[in-house]
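Because only heavy atoms are used, hydrogens play no part in the values below, and waters and symmetry mates are left out as well, while side chains stay in.
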Amino acid sequence: MRFMSRRKLKIMSVIMIFIFVDLFVLKEIVGVNYDDYTIRFISIVSSLELISTFIMWKKLTGEYISPFLIVYFVAVMFGIGQCFCWALGINMGEMDLLQYIPRINKLYIGESLQYSLVGLLFFFVGSVWTYNENAVPIKHSDMCDDNIGLKTIRTVSTILLIVSVPCVFINYMRIIPTVLAKGYLGYYTSVSEYSQMGQFIPLIASWFPIALLMKYAIHVSSNKVYAKIDTVALLIYIAIVLFIGGRSGAVLVILAFMLTKQYFGTPITKKDIVPVGIAGYFSMGLLSAIASTRTQTNRSLVSVFSAFSMTSVIGSLIGELGWSMSSLAWTMQLIGTSGKFRLGETYLYALTAVIPNLGFWKTHPALKANLGDWMQQELGRSSGLGYTFIAESFANFSWYGLLVLLIWGMIIGKILNSVTFESAKKDYKKAFVVIMLISTVLKAFVRSSFSAVMRQLFFTVLLIYFMMLMVENYLKKKERN
């Protein structure tokens with residue numbers, strides 16, 4: 001048996017050449033002289049290399065949309081998105097990181113640009129390495145109503161709806177008036193005012209779109225009317241989240257819906273690229289309008305649509321997403337003066353995030369893993385700046401953190417690439433584990449510390465997975481008897 005196919009080996013060889021050029025040749029040419037010309041040159045190289053990785057993934061898998069591709073795209077946009085605007089000379093306004101010089105040392109902007117590029121390439125290599133080329137080819141078969149997996153999803157989705165619907169009403173009846181009165185900042189005030197047990201209300205409310213996605217997967221091939229009802233309910237939920245100002249949560253639900261449709265409905269093909277692209281472009285305009293109005297008080301739908309503009313949509317949105325690279329630049333700048341790397345402790349402390357504080361600790365250990373709070377305190381900021389998994393790898397191990405990103409790519413690639421379009425209908429549990437990871441964990445993984453991942457991973461993905469296992473075992477026993 002061959003260790004690796006020629007196609008896979010060729011892709012990995014090309015990426016390793018990219019990494020060698022970026023780490024040694026480019027760094028030798030640039031040195032520490034990061035002027036505007038140099039940063040634009042590195043941005044052009046970065047853009048070409050990253051675009052080529054998407055093309056390589058299509059060549060390897062034959063997929064226009066896949067779970068890993070979604071994660072990788074989001075990671076690129078948050079981790080290094082501004083490089084595309086720097087390369088093309090697109091104006092990003094006040095979100096341009098270069099506007100923050102000298103508050104952020106230009107040296108660290110250049111260094112973070114190179115570290116993010118190489119880190120994302122390592123992340124990509126990890127997924128390619130673990131990709132199974134012997135998976136069953138794409139083939140859509142009809143779902144059987146007697147299938148145990150189908151019955152399991154039907155039962156679990158009903159349970160989730162019964163449990164989550166009251167929490168959705170409680171949550172949004174509390175949040176919407178506060179957000180209207182205080183703007184988007186009122187959202188955090190409203191959530192923080194929950195009691196210790198009440199903190200689970202937003203968590204359980206987040207199961208609602210998962211339940212709707214399950215219902216859609218059941219109905220899309222068997223009952224088109226019900227599938228349309230599921231879609232409308234999901235769109236209403238997304239609209240409410242967007243009106244509140246929670247753009248990331250809405251986008252992740254949309255991505256999860258696209259993936260569910262890809263698995264269980266009609267897959268996106270080459271002919272759908274243009275209409276999907278047009279819809280995506282207008283969606284970017286809407287997201288930018290929400291960004292500019294969500295801090296307003298007493299806003300309405302009219303105020304959102306009056307701020308809608310397509311003239312600078314690409315620059316403003318990519319600028320905002322890519323601004324997350326600032327967390328790496330700040331980390332390099334702060335740790336560069338002290339040399340105190342975490343040496344993996346944030347990953348270890350993050351594992352305790354699933355343990356509730358019942359009085360055993362004065363300060364919960366998981367708080368030591370929140371690098372976003374640490375950075376906010378060090379910079380004397382009153383509001384959160386966010387963080388990224390790329391910055392966390394550097395905060396722990398300096399440039400050796402690139403190996404952590406390789407490992408993350410291997411782990412995430414192994415999980416996400418384990419579901420194909422054919423196997424999704426044969427193993428609903430695994431398919432919905434992947435869909436839940438996209439809809440609930442992706443944002444926390446890409447744009448926060450690892451500690452933020454653990455609670456959603458444990459209390460949503462794993463909990464619902466075990467629920468599916470229990471229901472499936474019960475149905476199998478019932479069928480045998």
When you compare the side chain of [Y] with that of [X], does any pair of heavy atoms fall below 4.5 Å?
X      : Y      : answer
Met470 : Tyr474 : no
Val125 : Phe18  : no
Leu160 : Phe208 : no

Looking at every heavy atom in both [X] and [Y], which two are closest together, and how far apart are they?
X      : Y      : result
Thr152 : Met468 : CG2-O, 3.4 Å
Ile159 : Met467 : CG2-SD, 4.1 Å
Ser418 : Lys430 : OG-CD, 3.5 Å
Phe397 : Tyr347 : CE1-CE1, 4.2 Å
Ser127 : Gly413 : OG-CA, 3.5 Å
Glu49  : Leu117 : OE1-CD2, 3.6 Å

Test your reading of the model: is there a side-chain donor-acceptor pair from [X] to the backbone of [Y], 3.5 Å cut-off?
X      : Y      : answer
Gln114 : Leu23  : no
Lys429 : Gly149 : no
Lys215 : Ala211 : no
Asn171 : Cys167 : no
Ser439 : Val253 : no
Thr158 : Arg154 : yes
Arg455 : Leu203 : no
Thr352 : Tyr349 : yes
Gln82  : Gly319 : yes

For this session: Could you go through the side-chain contact (heavy atoms from CB on, under 4.5 Å) check for Phe124 and Trp129 one step at a time?
Result: CA-CA 9 Å; Phe124 182 81; Trp129 195 345; over 6 Å; no

To the nearest 0.5 angstrom, please state how far the [atom1] atom of [X] sits from the [atom2] atom of [Y].
X      : Y      : atom1 : atom2 : value
Phe73  : Phe78  : CZ    : CZ    : 10.0 Å
Ile435 : Leu255 : CD1   : CG    : 12.0 Å
Met436 : Leu442 : CE    : CG    : 14.5 Å
Thr231 : Leu213 : OG1   : CG    : 9.5 Å
Tyr428 : Met214 : OH    : CE    : 11.5 Å
Ile80  : Ser112 : CD1   : OG    : 8.5 Å

For this session: Evaluate whether atom NZ of Lys414 has more than 12 neighbouring non-hydrogen atoms of other residues, nucleotides or ligands under 6.0 angstrom away.
Result: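 At most 12 heavy atoms, drawn from other residues, nucleotides or ligands, come within 6.0 Å of this atom.
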
For this session: Check the surroundings of atom NZ in Lys10: do more than 12 heavy atoms from other residues, nucleotides or ligands lie under 6.0 Å from it?
Result: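 No, because the 6.0 Å sphere around NZ of Lys10 holds 12 heavy atoms or fewer from other groups.
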
For this session: Kindly indicate, with the supporting measurements, whether the criterion side-chain contact (heavy atoms from CB on, under 4.5 Å) is fulfilled by Ser451 and Thr346.
Result: CA-CA 8 Å; Ser451 57; Thr346 66; over 6 Å; no

Exercise. How far apart are the C-alpha atoms of Leu457 and Leu437, what are their side-chain angles, what is the distance that settles it, and do they pass the side-chain contact (heavy atoms from CB on, under 4.5 Å) test?
Worked result: CA-CA 8 Å; Leu457 183 65; Leu437 286 171; 3.9 Å; yes

Exercise. Mind checking whether Phe432 and Phe264 have ring centres under 6.0 Å apart?
Worked result: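 Centroid separation for Phe432 and Phe264: below 6.0 Å.
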
Exercise. With a 6.0 Å cut-off on ring centres, are Tyr131 and Trp57 close enough?
Worked result: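 Yes.
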
Exercise. Out of Tyr72, Tyr387, Trp408, which one pairs with Phe445 under the ring pair (Phe, Tyr, Trp, His ring centres under 6.0 Å) rule?
Worked result: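 In the set Tyr72, Tyr387, Trp408, the residue that makes a ring pair (Phe, Tyr, Trp, His ring centres under 6.0 Å) with Phe445 is Trp408.
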
Problem set entry | Residue from Phe389, Trp330, Phe341 passing ring pair (Phe, Tyr, Trp, His ring centres under 6.0 Å) with Phe394 |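 The residue from Phe389, Trp330, Phe341 that satisfies ring pair (Phe, Tyr, Trp, His ring centres under 6.0 Å) with Phe394 turns out to be Phe341.
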
Exercise. Under the side chain to side chain donor-acceptor pair (under 3.5 Å) criterion, do Asn417 and Thr130 qualify, and how do the steps go?
Worked result: CA-CA 8 Å; Asn417 297 330; Thr130 56; 4.8 Å; no

For this session: For Ser324 and Arg447, run side chain to side chain donor-acceptor pair (under 3.5 Å): C-alpha distance rounded to whole Å, both residues' side-chain angles, the deciding distance at 0.1 Å, then the answer.
Result: CA-CA 7 Å; Ser324 297; Arg447 199 183 177 275; 3.0 Å; yes

For this session: Might you work through the ring pair (Phe, Tyr, Trp, His ring centres under 6.0 Å) test for Phe122 and Tyr115, ending with a clear yes or no?
Result: CA-CA 10 Å; Phe122 268 117; Tyr115 184 91; 9.6 Å; no

Exercise. Hey, mind stepping through Lys443 and Val251 against side-chain contact (heavy atoms from CB on, under 4.5 Å) and telling me if it holds?
Worked result: CA-CA 10 Å; Lys443 179 193 172 185; Val251 170; over 6 Å; no

